[in-house]
Amino acid sequence: MSIDHSVSPAASAPARDDPPALDVRGLTYRFGAKTAVDSLDLTLAPGEIVGLLGPNGAGKTTAIRVIVTLLRPAAGSAAVFGVDAARQPIRARRLIGYVPQMLSADSGLTGRENVALFAGLFDVPRRHRRARVDQALAAMGLTDVADRLARTYSGGMVRRLELAQALVNAPRLLILDEPTVGLDPIARDSVWEHVLRLREEYGMAVLLTTHYMEEADVLCDRVALMHAGRVRATGVPGELKAALGPRASLEDVFRHHTGGALAGNGNGNEAGDFRGVQHTRRAASRVG
Ligand SMILES: Nc1ncnc2c1ncn2[C@@H]1O[C@H](COP(=O)(O)OP(=O)(O)OP(=O)(O)O)[C@@H](O)[C@H]1O
Ligand SMILES: [Mg+2]
């Protein structure tokens, strides 16, 4: 079974002159005196998978919460397929599927009830709800366990249930905040397999965060390296690695653009070559 986009307000096929799936410009958010997101720029093309990578506290979740309209930016804007998240939050939300970093499934409800709850929250027309819930559960491989309480699910199944919740409004932009944290490698693969299939079948754009660099390397068309509220570098993983050296990994790229500052190596070589990165890594391990 597949997700039926024909009944979605977001169903129109992407046209050549479609606006970006996501267009974030100068986005700024402050918690009191703390600037968590600092003039962030980020763009996603329709159908593109982009990884937002960065150390703990970089501002990834805060940026995402502004994009999904849960927080209002202090400055800048985020537009989803041309719909401004701050000015037209309801329209923007209809285009977005969101799996938050914190678990969002209710363990006291069945899988089906959890997805149905989201169908109601996201205004899926009543007459389509039952079919949409079934489709979303089937797309995540949960049909057989749909009537079991979510508390009996494994961690991987819970994450797939949350993906089903995010899919039930047939979004055109899927935003996943650490969807595979704490999962074993097989469950992680299963989540990504489902995400990739969705992209292939429906051309959804996907913005994801993960601390697993190998995953980001394999999955993402592009990555954006975020540190202290700003995007420090963005590009195709292969090109970012090649810019550092022939044997550089995405983890080296990550450390180069984020870890160097954390290690405070003070050698003024933050933008240096692969050897500079190795130096930074040694400094980082010394600093502890
Ligand atoms: N509710 C809050 N009140 C005050 N400060 C906050 C709040 N939420 C986040 N912050 C601060 O904002 C900054 C960015 O946090 P955020 O959760 O966006 O980071 P992150 O990149 O998602 O990190 P992680 O990888 O750990 O999930 C951090 O310094 C954090 O302490
Ligand atoms: Mg986070």
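Read the numbers this way: they start at 1 and go in the same order the structure lists the ligands and their atoms. These numbers come from the heavy atoms of this one structure, side chains and all, not from hydrogens, waters or symmetry mates.
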Hey, is [X] one of the residues with a heavy atom under 4.0 angstrom from ligand 1?
| X | answer |
| --- | --- |
| Gly229 | no |
| Arg65 | no |
| His211 | yes |

- Query: Taking heavy atoms and a distance under 4.0 Å, where does Gln101 meet ligand 1: side chain, backbone, both or neither?
  - Reply: side chain

- Which ligand 1 atoms, with their elements, are less than 4.0 angstrom from a heavy-atom of Glu178? 25 (O), 27 (O)

I need the nearest protein heavy-atom contact for [atom]: residue, atom name and distance, please.
| atom | answer |
| --- | --- |
| atom 17 (O) of ligand 1 | Thr61 CB, 3.8 Å |
| atom 26 (O) of ligand 1 | Asn56 ND2, 2.9 Å |
| atom 12 (O) of ligand 1 | Ala36 CB, 3.4 Å |
| atom 14 (C) of ligand 1 | Gly57 O, 3.4 Å |
| atom 3 (N) of ligand 1 | Phe31 CD2, 3.4 Å |

Short N-O contact, [X] and [Y], less than 4.0 angstrom:
| X | Y | answer |
| --- | --- | --- |
| Arg112 | Asp134 | yes |
| Arg255 | Glu251 | yes |
| Arg159 | Glu162 | yes |

For ligand 1, find out whether one of its N or O atoms is nearer than 3.5 Å to an N or O atom of [X].
| X | value |
| --- | --- |
| Gly59 | yes |
| Ala63 | no |
| Gly54 | no |

- Message: Going by the closest heavy atom to atom 29 (O) of ligand 1, which one wins out of Met102, Lys34, Lys60?
- Response: Lys34

- Item | From Thr62, Leu53, Val37 - option closest to atom 15 (O) of ligand 1 by heavy atom | Thr62

- With the side chain counted from C-beta on, respond yes when Tyr29 and Leu40 share a heavy-atom pair under 4.5 Å apart, and no when they do not. no

- Heavy atoms from other residues, nucleotides or ligands near CZ of Arg148 exceed 12 (cutoff 6.0 Å): yes

- Query: Would one find an N, O or S atom of Gln101, in either backbone or side chain, under 2.8 Å from the Mg ion (ligand 2)?
  - Reply: yes

- Strictly under 2.8 Å, is any N, O or S atom of Thr61 next to the Mg ion (ligand 2)? yes

- Message: For a quick check under 3.5 Å, do Ser77 and Asp84 share a side-chain donor-acceptor pair by atom type?
- Response: no

- Flag: protein heavy atom within less than 4.0 Å of atom 9 (C) of ligand 1: yes

